[in-house]
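One structure below.
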Amino acid sequence: DSNVSTTLHKEESDSSFDSLRWTPAPKYAPSGYTALSKSKLSAFVVLTAMAGYALAPGAVSVPILLYTTVGTALCSASANAINQWLEAPYDAQMSRTRNRPLVRHGMSPLHAFLAGAGAGVTGVSILAHFVNPITAVLGASNILLYTCVYTPLKRTSIVNTWAGAVVGAIPPMMGWAACTGTISDPGAWVLAAILYAWQFPHFNSLSWNLRADYSKAGYRMMSVTDPALNARTSLRHSLFLLPLCWMVPYLGLTTWWFALDSTIVNATLSAWAWKFWRKSSEKTARPLFFASLVHLPVVLALLMIHKRHDREDE
C-alpha cells in the first residue's frame, strides 16, 4: 500500500510540474504580423491621414497619396509592434491582450522588435524619399512619442491619455503635409485638433469597461484613478468638437453645410457623453464608445462631401 501511495503521489507531483511548464509555441504564421501591427488600428490611422491629404488645398497626386498611405501604415505598425514588445509582461495580465503574439509566444521578442524597427525605418524612409521631409519627421516623431512617451507614461501618470491624444492627432497633419509640403496652414491644425478632441470620449468610454484589467496590470488610467475626471474629460472634449468643426468652413475648407451636418453628429456624441458624465456605468460607457466609432468616419465623410473645390489650385 505504501508503494501504491508513493507512486500516486509521484504522478500527482509530475502532473503539477507539467502544468507549470511553458506550453509549446504555436506554429509561425504570417498573421502574427497582422496582430503585432494592430492592423485595424493602423488602418484607422491611415484613414485619418488620407482625409488630411484629401482635404488639403492643392492638386492630388496619386503616387504621392500611395506613398503617404504606405509610409503612414508602416509607421503605425512600427509604433504598435514596439509598444507590444515593451508591454508583453503586462499584456499577459489582461484578458483583453493576453492573446497577443508575444504573450502566447507566437514569435520571439527579438523578432517582434526587429519587425517593428524595420517597419519604422522603412516607413520613414519612404516618406522622406518619395513624399517630403516634413511628413517623414512627423511619422518618426509619432513613433517616438507613442513608444517613448505614451507607453511608459501609462504606468506612471494619467497624463498618458493626453499624450496618446497627440499621437492620434498627428496622422491628418501628415496627410496635409504630404499634399501641401507644410503644416503652417490653420486647416492642418484644426483637423489635428478634431482628432485630438475625439480621442477622449472614444478612449475614456473604452477604458471604463476595462478598468479592472488596467488596474490589475498597473496602468494609471483616468478610469482607474479618477473616474469623475474620466467622465468630465469625455464630455468636455465632446463639446469642444462643436466649435472645432465650425472653424472648418470659417477657414474656407468646406461649405457652411458642414457646420450644420457636423453639429448634428457632434450633438449626438455629446448627448451620450453627457449621460456618461451623469452616471458612469457599463450601460452609458458602451453606447458612448460605439457612438465614437461611428462619429469619426461620418465626420471625415462629411468633410469630403462638403469640401470646397475652388481652393484646390491655391
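Counted by atom type alone, H306 and T254 present zero donor-acceptor pairs between their side chains at under 3.5 Å. Side-chain atoms of N83 and T147 form no donor-acceptor pair, as typed in the model, at a separation below 3.5 Å. Remark: the T263 side chain and the N266 side chain contain no N/O donor-acceptor pair separated by less than 3.5 Å. Checked by atom type, the side-chain pair N230/W208 shows no donor-acceptor distance below 3.5 Å. No hydrogens or angles considered: a donor-acceptor pair under 3.5 Å links the side chains of S95 and D213. Side-chain N/O atoms of T180 and T182 include no donor and acceptor closer than 3.5 Å.
Ring planes of H111 and Y33: tilted class, angle from 30 to 60°. Ring pair W277/W274 is tilted by interplanar angle, where 30° to 60° counts as tilted. Using a 30° and 60° split on the angle between ring planes, Y214 and F203 fall in the tilted class, from 30° to 60°.
Contact detail for L195 and P172: the closest heavy-atom pair is CG-CG, 3.9 Å.
Considering S39, S42, S37 in turn, S42 is the only one that fulfils the side chain to side chain donor-acceptor pair (under 3.5 Å) rule with N80. Under the side chain to side chain contact (heavy atoms under 4.5 Å, CB included) test applied with R220, the options T156, L153, D226, T225 reduce to a single match, T225.
Side-chain heavy atoms closer than 4.5 Å link hydrophobic residues (I, L, V, M, F, W, Y) into clusters, and following such links, even through other members, never connects I143 to F113.
Surrounding CE of M50 are at most 12 heavy atoms belonging to other residues, nucleotides or ligands under 6.0 Å away. Counted within 6.0 Å of CH2 on W256, heavy atoms from surrounding residues, nucleotides or ligands total more than 12; the atom is thus considered enclosed. More than 12 heavy atoms of other residues, nucleotides or ligands sit less than 6.0 Å from atom CH2 of W162. Annotation for R155: atom CZ counts as buried by contact number, over 12 foreign heavy atoms lying within 6.0 Å.
Aromatic rings from W198 and F44 are positioned such that their centres are separated by under 6.0 Å.
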